Amino acid sequence: MSEASVPAVHHGPPTSFIRKHVFSVDHKVIGKQYYALALVAVVTGMVLSWIMRIHLVWPTAPIPGLGWLSKAGAPGGVVTPEYYLSLMTMHGTLMVFFVLTNAPFAAFGNYFLPIQIGAEDMAFPRFNMMSFWITFIAFCILIAAFFVPDGPPLAGWTAYAPLSAIGKDAGPGEGLGQTLWALSIFVFCIASLLGALNFIATTLDLRTKGMTLARMPIVSWAWFITSCIALLAFAVLLPACLLLVLDRVAGTSFFIPSGLNVSDHLQPHQGGSPLLWQHLFWFFGHPEVYIAILPAIGIVSHILINSMRKPMLSHKTIIYCMMGIGFLSYMVWGHHMFLSGMNPFSALVFSFPTLIITIPATIMTLIWLGSLYGSNLRINAASLFCLGFISMFVSGGVSGFFLAQPSIDIYLHATYFVVGHFHMVMGVAAIFGIFAGTYFWFPKMTGRMMNETLGRWHFWLTFIGTYCIFMPFHYLGLAGNVRRYSAFTDDYLVPLLPVHRFITYAALFTGAAQLIFIFNLLYSHAKGAIAPANPWEATSLEWSTPSSPPPFDNFGGKHPVVYHDPYQYGVKSSTGDYLMQTSPERAGETP
Amino acid sequence: MGGKIFAVIVILIALASAVPIITHTFLGASVTPPEDISTHGFEIDKQLDETMVEAGLAFLAAQLVLGFFVWQFGGRKDAPLKNFPGGAKYLILAALLLVGAEAIALGAVGSKAWAKVYFQPASADALPIQVQAGQFAFYFRYAGPDGKFGAIHPDKIDEGNSNFFGLDPENDVAARDDIQSGEFVIPVNKEIHLMMHAKDVGHSFYVRELRLQQDFVPGLDLSLHFTATKVGKYEILCTQLCGLGHYNMRAYLNVMTQDDFNNWLKAQSN
C-alpha cells in the first residue's frame, strides 16, 4: 500500500473509558453503537411480533410474563384488543425507525463510509456522536411509552390523525403514550438530519487522494444517495411530528377538523385536515422505504462483486438506478392514499411513477442475475444472504406491481397482501442486507471471523422460514383478510385461521433460528478465529487499514492514495485475481 | 455444494409459492376473491388476473434463473470468467421495453376500472343512502317518504336514544321521517349513491364482494356509487385503524329484491 505523507490530526486518540466506549467521537465506535441499538430494537420488535402471532391464533392463551409487564394490557397474560394494537404500533415503529434506518444506513454507513473513501473520521465527529445519543434518547422515549398509565400508543406506525391527535377521548392508548410516540419520532428526525448532513459532507469533502466520485465503491454511493434522501424526507416528518404534538398538548387543530363527536364529547377543534397528516407522513414514509433498502442494495452489490470474483456487468448502472429510485421516491407517496378521499385523478398521477419505479428495480435485478453468469461465485454465509436478498427483492417487488394500480388497490388495500409485500421487500430484504454485511465486515470490525457453519445454518433456516411466513400473507390478502385486526371473528375470516396458524408456527421457528446468529455474533466476538488482514481478498479501502479493527484514525496517521476503480477483480496481479484500490500496480490482462 | 442447495431451495420455493395461486387454496382455505356481485367489479378482477399472470411469470422467471445460475456457477474455482452475452446493454434495454410497456399498459387499462368507480357521477335516479362511521359501528340513513335528509348536528348525537346521526326532528321537518338503521339494506340491480361521513376518527368501508373500499375522512363528505347484482347478505368491514374495537367494527349489507326492500322500508317507517 502506498500512502501520501500528509500528517493526520483530526482528533486525538481517546484516553478515558467514557470517551473511548460511551461518548466517543470515533465513527467506528458510533457505528457499533448504532448496530447494538438496532440489535436491541430488532429483538424487542421480534418478540412483540411473536406475541401478536400467538394472540391471533390462540386468543385466550396466557403468555408467561406478559401479565407482569402490563397488568392492564394483558391481564393474566392474555392480550386485550387495545394491547394488540399497541404491540403492533411499537413493532412497526421499532422496526422501521430503529432497525431498518439504523442498521444498514447509520451503523454500517458510519463504520465504513469514512474508511472506504480514505477519511480518518466523519466530517463532524461531534455531530456524529450527538446523532447517536439523540437517537438513543428517542429510543428511550419510545420504550417509556410502554409503561405510561394510559397504555402504549395504538394508532399504528403511521399514526393517522385524528385518532392520534385527539387525545384521551379517542380511547385507550391515546393519552401520554401517543404523545411520547410523536416526541420520540420528532427527536429521531433531529438525529437523522444531523447524520444525513454528516454523511453528505464526509462524502463530498473527505475523499482521499485519487478517490474520485466514480471510484467510490457502490455501497458508499448507496449511503451517499440515502443520506440525500434522508435529508429531504426527515425534514418533512420533523415538523409534522411537532404539529402532532401541538395538536395533542397545546390545543391546536392542524390535523383535526370541526364537528367531531368522540366518545360523546364534541371536540373543541376546527379547521384542521386529517389528509394533511397523511400527505406529510407519506412524503417522508415512501422515501423511508428506500432509506431502508438502498443501503442494503449497496451492501449486497458490494459483497456480490467480491464473491463473484469479477466486476458487475455495469456497476455504474446500479448507481444510476439508485439515483433514479431516489428521485422517483418523492413522486409516489400518494399511492399509500389511493382510497383516502383525495382527488381520484391524483391516484392515476401517483400510480404512474410507482409503476415506472419498477424499471430501475428491474434493471438492477437483471444486472445482478446477468453478472452471476460465468462467475466463480464463492458460496459462504455472506454471499448466501446476498443471493437470498435478490430472491426476496424480486418476490417483494412483483407484489408491488399489484398495489401500484389503484383499481386493484380497491380490493387489496389494507389487507395482508400489503403486509406481505412490505415485509418482504423492505423488511426481510433489508435485514438480509444487514446479515450479509455482518458476516462480511465482522472480521474488520472485530479482528475475528464468524463461524461459517453456523452462518450457513442461520441462512438456510432464515431463508426458508421467512418465505413460510410472508408468502402466505399474500394468499390471505387475496382472500380479503383485513390487517390490523386483533381477532378474526368475521364470518369469512374464520376459515382463514389455519393459514394464520401456519404463519405463527413459521414465525416462532424463524425467530428461534435467529438465536444461532446471536450466539455466533457473541461467541465469535470473544473466541472466533483471528481474521487475516484481507480474508475475502477484497479490493476496497476498508481492507487496507493497518489492523482489524482499524486504529482510531483508520490508516495509522497516513492518507491512502487510490489508483483504481473499486472493483478490479478477475485480473492478473501480484496479489492474485484482484487488485486493491491502493495498489499502484497495473492490472494484467482482463478476461 | 452450498450453491446447489441454494439453487434447489429457491426453485422449490418459487414453484411451491405458485401452487396456491393456481389451485386457489392453501391449507384448505380458499385464497381467491369471492364472487363479484357488482356491475363494475369484473374490470377489477380482470385487471387482477392480468397482473397475476404477468407478475407471476416475472417472479418465476427471475427465481428460476437465479437458481439456475447459482447451480451452475456457485462454488466454481479458477474457471475462466465469462460475461453475459451482450453485456448490460441488452438487459437494460429489455427492462426498459418490457417493464416500460407493461407499466404503461397496466396503468392505462387499469385506469378504466378506477374511472368506473370514481370518475362517473352517480346517475340522477340512484337511490341516495347515507352512512356514518363512528367508533365502532356503521349507521345507515334513508331519506324517508319526503326524499330529503334532515340536517346533522354532531352535538345532538345521542346513541342511548338511537339518535345516531344527531338529528333534530323537533325543529327540522326533513329529519322527522328519516330512517336510521344498523344494517345496510338495499334493493338488487338498483344503483346506490352512498354518501359517507365520519363521526369521530378515520374509518373505512370495505365489502369484498362489491369490490369496494373507501376511507371515511373526518371533516370530508365523500361518496361512492355502485349496483349490487345478487340478493344475499355480505359483511361490511372497517379497514382503517380506528381504536381498540377496530377488529369488531362491522355491519351487514343485505341485498334484497325491490319488493322485499320496499316492505322493509315500510316496516322501518312505522
Side-chain angles (χ1 to χ4, degrees), chain A residues 81-82 156 160 162-163 171 257 259-262 266 274 310 313-314 317 339-341 344 348 352 355 358-359 362-363 366 369-370 372-377 379 391 394 398 401-402 405-408 410-411 413-414 467 471 475 478-480 482 484-487 490 495-496 498-499 570 591, chain B residues 2-3 6 10 13 17 20 26-29 31 44 47-48 51 55 58-59 62 65-66 69-70 73-76 79 81-82 84 87-88 91-92 95 99-100 103 107 110-111 113-114 118 154-155 157 199-202 208 211 213-215 217-220 222 235 237 239 241 243-244 247:
Chain A
E82 59 269 31
Y160 270 23
L163 177 65
L260 297 191
N261 183 320
V262 186
L266 198 64
K310 69 170 193 141
L313 284 182
S314 165
T317 305
L339 308 177
S340 69
L348 298 184
F352 193 64
L355 288 164
T358 324
I359 294 177
T362 310
I363 292 177
L366 290 182
L369 291 177
L372 285 172
Y373 177 88
S375 66
N376 286 333
L377 179 66
I379 299 291
S391 176
V394 168
V398 293
F401 229 82
F402 292 78
Q405 301 172 57
S407 52
I408 299 180
I410 294 176
Y411 182 77
H413 185 78
Y467 263 111
M471 202 40 112
Y475 310 145
L478 287 169
V482 178
R484 292 177 161 175
Y485 271 27
S486 61
D490 301 84
L496 294 167
V499 184
Chain B
F6 177 85
V10 81
I13 286 176
S17 300
F26 184 68
L27 297 177
V31 291
I44 292 175
Q47 187 77 6
L48 183 63
T51 308
F59 166 79
V65 168
L66 174 66
F69 281 180
V70 175
F73 302 107
R76 275 199 338 166
L81 295 167
K82 277 185 287 184
F84 192 75
L91 294 175
I92 296 170
V99 181
S111 52
W114 181 259
Y118 284 104
D155 54 321
I157 290 175
K199 165 181 157 268
D200 40 37
V201 299
R208 296 183 311 155
R211 305 292 189 268
Q213 182 167 195
Q214 174 64 53
D215 279 3
V217 183
L220 273 186
L222 297 163
E235 280 171 304
L237 268 61
T239 52
L241 179 53
L244 77 147
Y247 76 103

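Only a predicted model underlies this, so the values are computations on that prediction, with no experimental measurement involved. Just the heavy atoms: all of them, side chains too, but no hydrogens, waters or symmetry mates, feed the values below. Convention: sequence-line order gives letters A, B, ...; per-chain numbering from 1.
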Give, for atom [atom1] of [X] and atom [atom2] of [Y], the distance between the pair rounded to the nearest 0.5 Å.
{"X": "Ile157(B)", "Y": "Leu260(A)", "atom1": "CD1", "atom2": "CG", "result": "9.5 Å"}
{"X": "Thr51(B)", "Y": "Phe401(A)", "atom1": "OG1", "atom2": "CZ", "result": "8.0 Å"}
{"X": "Asn376(A)", "Y": "Lys82(B)", "atom1": "CG", "atom2": "NZ", "result": "10.5 Å"}
{"X": "Phe73(B)", "Y": "Leu372(A)", "atom1": "CZ", "atom2": "CG", "result": "9.0 Å"}
{"X": "Ile408(A)", "Y": "Ile44(B)", "atom1": "CD1", "atom2": "CD1", "result": "9.0 Å"}

List the atom of [X], the atom of [Y], and the distance in Å for their closest heavy-atom pair.
{"X": "Ala62(B)", "Y": "Val394(A)", "value": "CB-CG1, 3.7 Å"}
{"X": "Tyr475(A)", "Y": "Phe26(B)", "value": "CD1-CG, 3.8 Å"}
{"X": "Gln47(B)", "Y": "Ser407(A)", "value": "CG-OG, 3.7 Å"}
{"X": "Pro162(A)", "Y": "Asp200(B)", "value": "CG-O, 3.8 Å"}
{"X": "Ile363(A)", "Y": "Ala95(B)", "value": "CG1-CB, 3.4 Å"}
{"X": "Ser486(A)", "Y": "Tyr247(B)", "value": "OG-CD2, 3.2 Å"}

Quick one: what part of [X] sits under 4.5 Å from any heavy atom of chain B, side chain, backbone, both or neither?
{"X": "Leu355(A)", "result": "both"}
{"X": "Val499(A)", "result": "both"}
{"X": "Pro257(A)", "result": "side chain"}

Which atoms of [X] come close to chain A, meaning under 4.5 Å heavy atom to heavy atom: side chain ones, backbone ones, both, or neither?
{"X": "Gln214(B)", "result": "both"}
{"X": "Leu222(B)", "result": "side chain"}
{"X": "Phe69(B)", "result": "side chain"}
{"X": "Leu220(B)", "result": "side chain"}

Would you indicate whether the side-chain heavy atoms of [Y] and [X] approach each other to under 4.5 Å?
{"X": "Ile92(B)", "Y": "Thr317(A)", "value": "yes"}
{"X": "Phe6(B)", "Y": "Ile379(A)", "value": "no"}
{"X": "Asp155(B)", "Y": "Asn261(A)", "value": "no"}
{"X": "Gln213(B)", "Y": "Tyr411(A)", "value": "no"}
{"X": "Asp490(A)", "Y": "Leu237(B)", "value": "yes"}
{"X": "Ile410(A)", "Y": "Trp114(B)", "value": "yes"}
{"X": "Thr239(B)", "Y": "His413(A)", "value": "no"}

Check the pair Leu339(A) / Tyr118(B) against side-chain contact (heavy atoms from CB on, under 4.5 Å), numbers first and verdict last.
CA-CA 10 Å; Leu339(A) 308 177; Tyr118(B) 284 104; 3.7 Å; yes

Option in [options] with maximal non-hydrogen atom pairs under 4.5 Å from chain A:
{"options": "Ala113(B), Gly2(B), Ala29(B), Ser111(B)", "result": "Gly2(B)"}
{"options": "Gly243(B), Gly100(B), Gly87(B), Ala79(B)", "result": "Ala79(B)"}
{"options": "Pro218(B), Ala88(B), Gly28(B)", "result": "Pro218(B)"}
{"options": "Gly75(B), Gly202(B), Gly107(B)", "result": "Gly75(B)"}

Out of Pro406(A), Gly171(A), Ser314(A), which one racks up the most heavy-atom pairs below 4.5 Å with chain B?
Pro406(A)

Choice from Ala487(A), Ser391(A), Gly341(A), Pro498(A) maximising heavy atom contacts with chain B below 4.5 Å:
Ser391(A)

Quick one: do Phe402(A) and Leu48(B) satisfy side-chain contact (heavy atoms from CB on, under 4.5 Å)? Show the steps, please.
CA-CA 7 Å; Phe402(A) 292 78; Leu48(B) 183 63; 3.7 Å; yes

Pairing residues for Ala58(B) by the side chain to side chain contact (heavy atoms under 4.5 Å, CB included) criterion, not counting sequence neighbours:
Val398(A)

Sorted by chain and residue number, the side chain to side chain contact (heavy atoms under 4.5 Å, CB included) partners of Ile13(B) (sequence neighbours excluded) come out as Phe463(A), Tyr467(A), Ile9(B), Ser17(B)

